[in-house]
Structure formats: C-alpha cells, structure tokens
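Hydrogens, waters and symmetry mates are skipped; everything else that's a heavy atom, side chains included, is used.
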Amino acid sequence: MSSSHISFQSLVCLSANREGSKHKFGPRGGKVLIRNGQIAIDTPGVLTCTSRGVVPHLSRDNVKRTRAIKWVHIPFESFLEHRPPIPTLQPQSGETPRINTLLGFPQEEYVLSMSLRNSADGQEMPANTNAYVTANCIRGMRKASLDWRSYVDSCKPDIIFSLSDTPFTPAPYSQKRLTKSIERSALWLADMLQYPETGPITRPGNIFVQMAGGASAPARSAFAESLVEGLQGKEAEAMRPLKCLDEGVAGYVVEMVPLRLSIQGFHDPSPNPATVTSLIQASLSSLSLSKPRLVTCTRGPHEIIRLVCDVGVDLFDTHWAQHAADVGVALDFHFPAPKTTVELELGHNLYDTKYERDFTSFTSHDLDSSTFCPCPACSPSSVPSSEIIRHSFVDEPGSNVSTSRNPSYTKAFLHHLLHTHEMSAHSLLAMHNITVMDAFFAGIRQLISQDDLSLFEAEVDRFFETYAEDTETGDTGARDERNMLKDDTQVNVFKAAEKAWKEVELLRGKGRLARENEKAKAESTTAANAILTKEMEEKGIEGGSEAVVPMLPDTGL
C-alpha cells in the first residue's frame with residue numbers, strides 16, 4: 001500500500017451550534033487531506049466515477065481541462081477478465097502508485113480510490129461465500145477471493161474500499177443472511193488490517209469500510225458496533241496496536257443502490273427519504289465523528305441536500321451527473337438557488353426539439369449575470385483557443401465577440417450533435433455536468449462556512465421551492481408534497497431524455513432503414529387501430545349495442 005496518509009478535518013458543524021454540544025449528524029464542512037496534506041478535498045465534496053479507469057466520454061486532456069475532477073474512483077472488477085489483472089503487472093518506480101501511472105492520473109494532481117465492485121451495479125448476482133465475493137467483469141462473473149489484498153498491494157491506490165458481503169440476490173433477506181453479511185464483512189476487514197505473514201511488516205492504510213446491514217436498522221447498528229468493539233485473543237495480537245477495527249478505518253461508505261434494493265424487498269418501491277436517513281444514521285451513530293462519510297449513487301441534488309442536512313455526509317460521487325450526460329441532459333442548477341418566481345428544472349433535455357434553435361448556453365446566465373459555469377463547454381476561454389472543438393466556420397467567434405472570452409457552446413449545437421450521434425456531445429455534457437456538481441458543492445460549503453444554521457435551512461427550503469425534484473427512476477416517494485401533486489411529465493427531465501435517447505439510438509448504425517420502416521409501420525398501425533376503435537364506439541352508441549371489430553396487430557416497439 002502507498003505510504004500516503006489521509007486525515008479529515010471537520011471545520012464547521014452547524015448542528016453542534018444548535019445543540020450546544022458536538023452532535024452526530026447535521027451539516028458540516030471540512031477537508032480530507034491526502035498524502036499528508038499534498039492534496040486537499042473540501043467537503044461536502046465530490047469524486048468522479050470511472051469505467052475501467054477511464055472517465056466516460058473524456059480523454060485524458062479533457063479530464064485535465066475539467067478542473068472539477070480531483071478524486072477519481074476505480075471499480076476493479078472490470079479488470080478481472082485476466083489473471084492476474086493487468087494493473088497489477090505494471091513496473092513500480094519508487095513510491096509512485098502503480099495504478100496512477102497505468103491510468104494516467106498524475107499522483108500530484110489526483111486522488112485515486114479503488115473498490116472491488118461497481119457501486120452503481122445492482123443486477124442480481126450469485127451469492128457470496130466465506131471464501132470469495134462475486135464480481136462482474138466484461139467476460140461474465142468472477143469469484144474474487146481474499147487475493148483482493150494482493151491486488152491492493154500491487155496497485156497502491158490512495159484509498160481502498162474494504163470487501164463487503166452485500167447480497168445481490170432477490171430481497172427481502174432473512175435474519176440469518178443479514179448476520180452472515182455482517183460477520184463476513186467484519187472478517188474481511190480484519191483480514192485487510194492484519195500484518196502479512198510474509199514480506200514487509202506493513203498493513204494497508206486509508207481503508208474506507210462499506211457499511212453492511214441492508215434495510216434493517218438493528219443489523220446496521222450491529223455492524224457499526226462490531227467495528228468499535230475491543231479485539232480479543234489472537235485477533236488482537238494479529239492487529240496490534242489496534243484496539244478495535246475502527247482504529248484501522250479511515251472513512252465510512254454507504255452504497256445507495258443495494259440499500260434501495262433491500263428496502264424495495266419489503267414491498268416499498270419508493271423508499272421514503274426518512275427511511276433512508278434513519279438507516280444511514282443507524283450505521284453511523286456509534287462511529288467516530290472524525291472520519292469522512294461517503295455516500296454513492298444518490299438521485300440528484302435534493303437527496304444530496306437531505307443527506308448533508310440530516311446525516312452530515314461529507315462526500316458523494318458524480319454517478320447521477322454522469323448519467324445525465326449519457327442521456328443528453330445538461331444540468332442547470334445552483335445552490336443557493338437563484339431568486340425567481342418561476343419553478344425551474346434541474347437541467348435541459350437537449351434532445352427536445354424546442355432547443356433546435358436555442359442559441360443560448362447550457363446555464364441560465366440571465367438569472368444571475370455575475371456567475372457563469374467555468375467548464376470548457378460554457379467557458380471555452382479556459383482552454384487555448386486553438387484547441388477548442390470547431391466543426392465548421394459557423395463556430396468561429398464573430399468580430400463583435402470579445403477576445404477575452406470565447407462564446408459558449410449552445411443548446412442548439414448540442415441538440416444537433418446528439419441527433420447526429422456525434423461523440424463530442426457527450427464529452428461536452430460530461431465536462432459541464434461534473435463542473436455543475438462541483439459548483440453545487442462549493443455553494444453548500446460557502447453557506448456552511450457562514451456558521452448560521454437558520455440561514456442554511458432557509459436556503460435549503462428555497463432550493464426545494466425553486467427546483468422541481470426530478471423522478472429519474474420513478475421515485476415519487478423522494479419528492480416533497482408540493483411536487484407529488486404534479487404530473488410527472490412536467491418535472492421528469494430524465495425520463496423524457498432517456499426515451500429520446502433510445503429513439504435516436506434505435507435509428508443508428510447498420511439496419512437503420514429497416515428499423516425506421518418498422519417503427520413507421522408500427523406507428524401507422526397504432527394510429528389505424530385508434531381510428532377504428534373510435535368509429536366503432538360511435539356506431540355502437542348509435543346502434544344501441546357495442547360492435548366488435550377485428551383489431552390490426554399492434555407491433556409497437
């Protein structure tokens with residue numbers, strides 16, 4: 001493991017001011033210091049998701065241009081198609097982390113964390129055993145045994161996620177299964193913390209433990225308590241000078257995907273925010289306040305704000321924002337929210353035809369002209385003019401444009417790129433959306449730093465009043481009462497974008513004409529059926545009896 005060290009400084013805790021004493025939960029701001037302070041991540045903050053060590057849609061130069069990217073996370077399971085995995089075979093030079101060198105993230109600029117599983121993958125998986133965890137690579141399922149530690153020692157990431165016996169079989173889970181999950185997760189963490197039998201007398205550092213227990217608050221509390229219980233016998237001897245497992249842990253991780261699946265197993269398809277909050281609090285209530293808390297795969301800024309306010313979460317990933325870029329959504333929101341009487345959406349579905357001739361930038365500058373998005377898509381002056389992507393002379397700045405700042409890419413331009421399957425559309429959206437998330441957290445930190453709980457709560461209320469909470473995955477239970485009274489079509493930007501993305505994707509590549517003809521035929525058949533049905537209903541009413549008509553086959557896609 002790398003000799004780098006991680007520490008956490010909690011600078012402001014608003015709930016402590018309200019309670020008069022240090023409290024477990026509530027908005028807090030701080031810093032995660034990596035490599036003895038060489039890199040500082042301000043919290044609440046964000047880490048960027050990768051696939052096979054690559055930020056989706058972004059080349060290395062575009063990653064560097066996106067200044068919001070400082071911490072990248074690597075799911076290692078995607079490398080398991082080879083034995084041993086390729087990242088473990090790279091030559092080592094001094095103390096430079098091997099995984100940094102392989103993936104092209106300079107050690108002095110980026111923090112790399114590594115987990116076995118992809119936290120966004122919730123598909124059903126074979127059960128784990130005492131001997132291995134089931135992982136998923138591009139060639140199918142793999143059994144990752146306790147050689148996870150050898151992979152960690154070889155790759156030397158800055159931060160490691162411990163192995164967790166998270167069940168991905170159909171929920172609900174029995175008490176026996178939850179007990180096994182807790183025991184195995186603690187056992188695998190203890191194995192990571194023990195001194196190796198051979199080789200240098202060192203133990204891996206910077207371990208973030210994944211909190212187990214599913215949708216059972218007592219089970220989650222039991223796992224947390226197992227971390228702070230005193231070690232006994234041979235286990236205590238093997239991990240000396242650690243007195244409990246928690247002393248060897250640098251932070252805590254809560255994965256939202258398996259937590260939601262576990263809750264849904266109790267026939268609750270739309271978990272109430274209070275349910276999620278209480279379960280996460282059960283995981284953290286007995287643990288240290290001096291270590292960062294990370295939550296993966298949240299469903300947008302509304303849920304993030306709830307977790308910051310009610311749990312005191314310090315770190316989040318960019319999965320939601322990157323998924324938005326995948327389906328053609330340009331995020332457009334701020335914290336604190338702009339002062340407006342009009343309810344705003346969280347972003348723009350750039351597949352929508354209403355943007356065909358919209359030559360404005362991705363963000364609403366007219367709401368606050370003093371701010372603008374610093375991403376390379378909205379502020380091209382952040383990169384050399386010669387390197388800006390230009391597709392024709394139309395993209396060249398006019399004579400009336402100031403040379404100090406190049407014009408932003410427009411919604412109309414991205415609308416065109418998306419409908420022509422141009423990959424640069426997703427590159428621009430990814431850079432923009434990650435930057436919007438980073439600015440969102442900067443706004444939260446700035447407000448927390450003012451050390452005024454009532455002001456912070458007032459701005460949170462205004463954010464919820466200003467922005468409609470999108471129901472990306474049909475989670476109507478996550479919306480407040482105001483939004484639940486509305487038609488989903490008014491607020492669900494993501495569903496509309498996903499539908500448009502699928503339609504455009506259908507008409508791409510080999511066989512496009514055949515698919516277009518099939519789609520047109522299906523649409524005409526559906527329309528004909530509707531007309532026949534209406535005519536026969538009218539005749540049935542006039543004749544005093546219902547008529548029966550053979551319907552045309554509906555081959556709708």
Side-chain angles (χ1 to χ4, degrees), residues 7-33 40-47 68 70-71 208 211 224 251-254 256 259 272-318 320-321 333-339 346 436-467 469 478-480:
S7 61
F8 176 66
Q9 296 179 351
S10 181
L11 303 178
V12 181
C13 184
L14 299 186
S15 61
N17 298 338
R18 178 179 59 183
E19 300 289 338
S21 61
K22 208 164 189 180
H23 192 259
K24 288 287 182 182
F25 308 112
R28 63 181 192 171
K31 290 180 180 292
V32 177
L33 304 176
I41 305 295
D42 295 321
T43 64
V46 66
L47 58 148
K70 296 179 181 178
W71 181 334
F208 276 41
M211 306 308 294
Y252 312 112
V253 180
V254 175
M256 294 296 286
L259 179 57
N272 187 288
T275 301
V276 175
T277 297
S278 63
L279 290 172
I280 299 177
Q281 287 179 345
S283 287
L284 300 171
S285 60
S286 60
L287 298 177
S288 172
L289 286 168
S290 62
K291 297 176 183 179
R293 303 160 176 173
L294 167 63
V295 171
T296 64
C297 296
T298 53
R299 287 179 172 173
H302 294 78
E303 184 171 59
I304 288 172
I305 289 176
R306 291 190 190 101
L307 294 176
V308 168
C309 291
D310 301 333
V311 184
V313 176
D314 305 296
L315 295 162
F316 299 85
D317 65 15
T318 57
W320 176 79
F333 59 89
H334 314 270
F335 188 90
K339 296 179 180 179
L346 293 174
V436 168
M437 290 298 292
D438 185 63
F440 168 70
F441 283 108
I444 294 177
R445 292 193 300 269
Q446 193 276 332
L447 205 59
I448 290 177
S449 68
Q450 296 186 31
D451 207 4
D452 187 335
L453 181 62
S454 59
L455 173 63
F456 185 81
E457 290 177 339
E459 290 296 347
V460 167
D461 291 340
R462 188 155 67 91
F463 184 91
F464 275 77
E465 292 171 359
T466 302
Y467 292 104
E469 183 169 1
R479 291 182 290 165
D480 58 24

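For the atom pair CG of Leu307 and SG of Cys309, the computed distance is 9.0 Å after rounding to the nearest 0.5 Å.
Put simply, the side chain of Arg293 does not reach to within 4.5 Å of the side chain of Val254, judged on heavy atoms. Counting heavy atoms from C-beta outward, Val276 and Arg306 have side chains that stay 4.5 Å or more apart. Residues Phe456 and Ile448 have side chains in contact (heavy-atom distance under 4.5 Å, counting atoms from C-beta outward). For the pair Asp451 and Leu14, the minimum side-chain heavy-atom distance is below 4.5 Å. Contact of the Met256 side chain with the Ile280 side chain is registered, since non-hydrogen atoms from C-beta on lie closer than 4.5 Å. Within the 4.5 Å cutoff, no side-chain heavy atoms of Thr43 are placed close to those of Arg445. Inter-residue side-chain proximity for Leu294 and Leu47 is flagged as met; some heavy-atom pair is nearer than 4.5 Å. No side-chain heavy atom of Thr466 sits less than 4.5 Å from a side-chain heavy atom of Phe333.
Taking the charged nitrogens against the carboxylate oxygens, Arg462 and Glu465 have no contact shorter than 4.0 Å, which rules out a salt bridge.
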Run Phe441 and Asp42 through side-chain contact (heavy atoms from CB on, under 4.5 Å) and show every step you take. CA-CA 9 Å; Phe441 283 108; Asp42 295 321; over 6 Å; no

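Judged as a salt bridge (charged side-chain N to carboxylate O under 4.0 Å, His left out), not a single pair has a partner in residues 272-289 (not counting sequence neighbours).
Test Tyr467, Phe463, Trp320 against His302 for ring pair (Phe, Tyr, Trp, His ring centres under 6.0 Å) and you get one pass: Phe463.
The environment of Lys70 atom NZ is sparse: at most 12 non-hydrogen atoms of other residues, nucleotides or ligands sit within 6.0 angstrom.
By the side-chain hydrogen bond (donor to acceptor under 3.5 Å, both in side chains) test, Thr296 is found to be paired with no residue, residues two or more places apart in sequence or in another chain being considered.
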